[in-house]
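Each ligand, and each atom within it, is numbered from 1 in the order the structure gives. Just so it is clear, the values below take in all heavy atoms, side chains as well, and ignore hydrogens, waters and symmetry mates.
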Amino acid sequence: MAILVTGGLGYIGSHTVVELLNNGYEVVIIDDLSNSEKFILKNIEEITGKKPVFYPFDLKRRELLTQVFDAHQIEGCINFAAYKAVGESQEKPVDYYENNLFSLIHILQEFKTRNISNFIFSSSCTVYGQADQMPIDENTPLKTPESVYGKTKQMGEEILKDFANAHKRKISLLRYFNPIGAHPSAKLGELPIGVPSNLVPYVMQTAAGIREKLNIWGNDYDTEDGTPIRDYIYVVDIAKAHVAALKKLMNDPSGEAVIDIYNLGTGKGSSVLDVVKAFEAANHVEVPYQICERREGDITVAYANADKAEKELGWRSETSLEEALRTVWEWQKYLDTKNH
Ligand code: WQD
């Protein structure tokens, strides 16, 4: 029996594969390497001493996916595979809808015909848009996300709810806030391909001298220091939440539809300047920056109420911002050795 992890060589996917292997699960990875690199597979093996099965397949090709389901007894899926660059999604909407939704639908077709349950979906706090009050809990009304990327996440959730209800299957929607950090081994981390759009990889590359200066997109927001606030959560804590969510689904004997929804955040908000200062303090480096115009589509504030995951999964994020940012710098030093 195995767990299918799509996008399993990606940032959060690879950290989750490590936690699954460390918890004794068999893992089958499908990853088209559009946003990852093959050396991540070797590093997973080095960290865990185990060798997950890997298929370099594009999930949009249904016939390849069928081959994987024919070859392995899949008992659950964690679906990370998706394009995730918010800005790019505005320029290539059809590619984002095709990739993010067709991949999901192809897996669900296999789940439907083979009577498989236990599906965990990588969702995002972006489905809340700019919530009216903080902290954000799972009952907070959803708003239409500004970005096509965010819309694919919200549509993915709706597709999965309909699938679970129609076929009495068990699903878990995990809404990440802002994932940051790297594995303690420094062998896994966020692999920025091209110019990073997310804050922490850009801070990392600025400190390393790869980027000249960090552009801070606006300091005229309605926050204490004028820069937007987010809930930055350590990637290994997010990975552990996936194992806890999977265990809950697999242990549910009800035979009824199960639709779990959890916010994965720390419950603490940090501004852009908080992150810059924490990175400098944690790693004794400088991060030169300049204040620029706001980035279109950015919201002012978002941080989680993560009590539901603690109550129902026995999970809570336990890593501080500074600790997470220290792992980022170790990861950059590892990448330097690989001339990345
Ligand atoms: C955080 C803050 C920027 C870069 C998005 C998605 C979310 C998830 C994470 C995929 C904002 C500021 C950033 C920079 C800056 N998606 N910033 N200079 O936009 O909160 O969330 O990425 O995993 O679903 O919505 O994350 O890291 O891009 O930005 O000033 O060079 O940092 O304005 O306030 P975001 P982010």
Side-chain angles (χ1 to χ4, degrees), residues 7 10-13 15-16 35-36 80-90 96 100 121-131 136 142-154 156-157 173-181 189-207 210-223 225-235 238-239 263-265 269-279 287-304 321 324-325 328:
Y11 175 37
I12 301 169
H15 287 84
T16 302
N35 198 19
S36 178
F80 295 101
Y83 297 157
K84 65 167 199 171
V86 172
E88 185 188 52
S89 74
Q90 302 304 94
Y96 267 66
N100 293 7
F121 181 62
S122 165
S123 190
S124 164
C125 62
T126 196
V127 300
Y128 296 111
Q130 176 56 76
I136 299 170
L142 303 189
K143 292 183 181 170
T144 304
E146 296 260 334
S147 70
V148 166
Y149 157 79
K151 288 174 187 168
T152 68
K153 289 300 179 184
Q154 201 169 80
E157 290 195 359
L173 310 177
L174 301 182
R175 294 171 178 167
Y176 313 154
F177 279 66
N178 286 60
I180 63 164
E190 196 165 1
L191 251 186
I193 295 175
V195 180
S197 61
N198 289 137
L199 175 64
V200 170
Y202 204 106
V203 165
M204 175 184 86
Q205 291 193 344
T206 304
I210 299 167
R211 309 289 163 196
E212 190 193 342
K213 269 185 189 168
L214 168 70
N215 298 314
I216 294 183
W217 304 125
N219 68 345
D220 58 350
Y221 286 87
D222 182 15
T223 63
D225 65 19
T227 63
I229 290 169
R230 298 288 185 274
D231 185 331
Y232 296 94
I233 175 169
Y234 185 43
V235 64
I238 289 182
N263 285 342
L264 299 187
S270 302
S271 74
V272 174
L273 284 170
D274 289 337
V275 171
V276 171
K277 289 173 189 149
F279 190 92
V287 179
Y289 64 82
Q290 61 189 358
I291 304 294
C292 305
E293 287 303 305
R294 291 186 176 195
R295 182 173 68 175
E296 194 197 336
D298 275 341
I299 58 172
T300 302
V301 57
Y303 56 91
L321 179 65
L325 293 172
V328 173

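Residue Gln130 places its CD atom among more than 12 non-hydrogen atoms of other residues, nucleotides or ligands, all under 6.0 Å distant. Under a cut-off of 6.0 angstrom, the local environment of CD in Gln290 is crowded, with over 12 non-hydrogen atoms contributed by other residues, nucleotides or ligands.
In summary, the side chains of Ser89 and Tyr83 do not present any donor paired with an acceptor at a separation below 3.5 Å, with no hydrogens or angles considered.
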When you check ligand 1 against the protein, what N or O pairs turn up below 3.5 Å? List the atom names and distances, or just say none.
from, atom 1, to, atom 2, distance (Å)
ligand 1, 16 (N), Tyr149, OH, 3.3
ligand 1, 18 (N), Asn215, O, 2.7
ligand 1, 18 (N), Trp217, NE1, 3.3
ligand 1, 19 (O), Arg295, NH2, 3.0
ligand 1, 20 (O), Asn178, ND2, 3.0
ligand 1, 20 (O), Arg230, NE, 2.7
ligand 1, 22 (O), Asn198, ND2, 2.9
ligand 1, 24 (O), Ser124, OG, 2.6
ligand 1, 24 (O), Tyr149, OH, 3.4
ligand 1, 26 (O), Asn178, ND2, 3.2
ligand 1, 27 (O), Asn198, ND2, 3.4
ligand 1, 27 (O), Leu199, N, 2.7
ligand 1, 28 (O), Ser197, O, 3.4
ligand 1, 28 (O), Asn198, ND2, 3.1
ligand 1, 28 (O), Arg295, NH1, 3.3
ligand 1, 28 (O), Arg295, NH2, 2.9
ligand 1, 29 (O), Arg295, NH2, 3.3
ligand 1, 30 (O), Asn215, O, 3.4
ligand 1, 30 (O), Trp217, N, 3.0
ligand 1, 33 (O), Asp298, OD2, 2.6

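The side chain to side chain contact (heavy atoms under 4.5 Å, CB included) check on Glu88 picks up Ala85, Lys92, Tyr96, with sequence neighbours excluded.
Side-chain contact between Ile180 and Met204: absent, with no pair of heavy atoms (C-beta onward) separated by less than 4.5 Å. Two residues are said to be in side-chain contact when any heavy atoms from C-beta on lie closer than 4.5 Å; Ser271 and Tyr221 fail this criterion.
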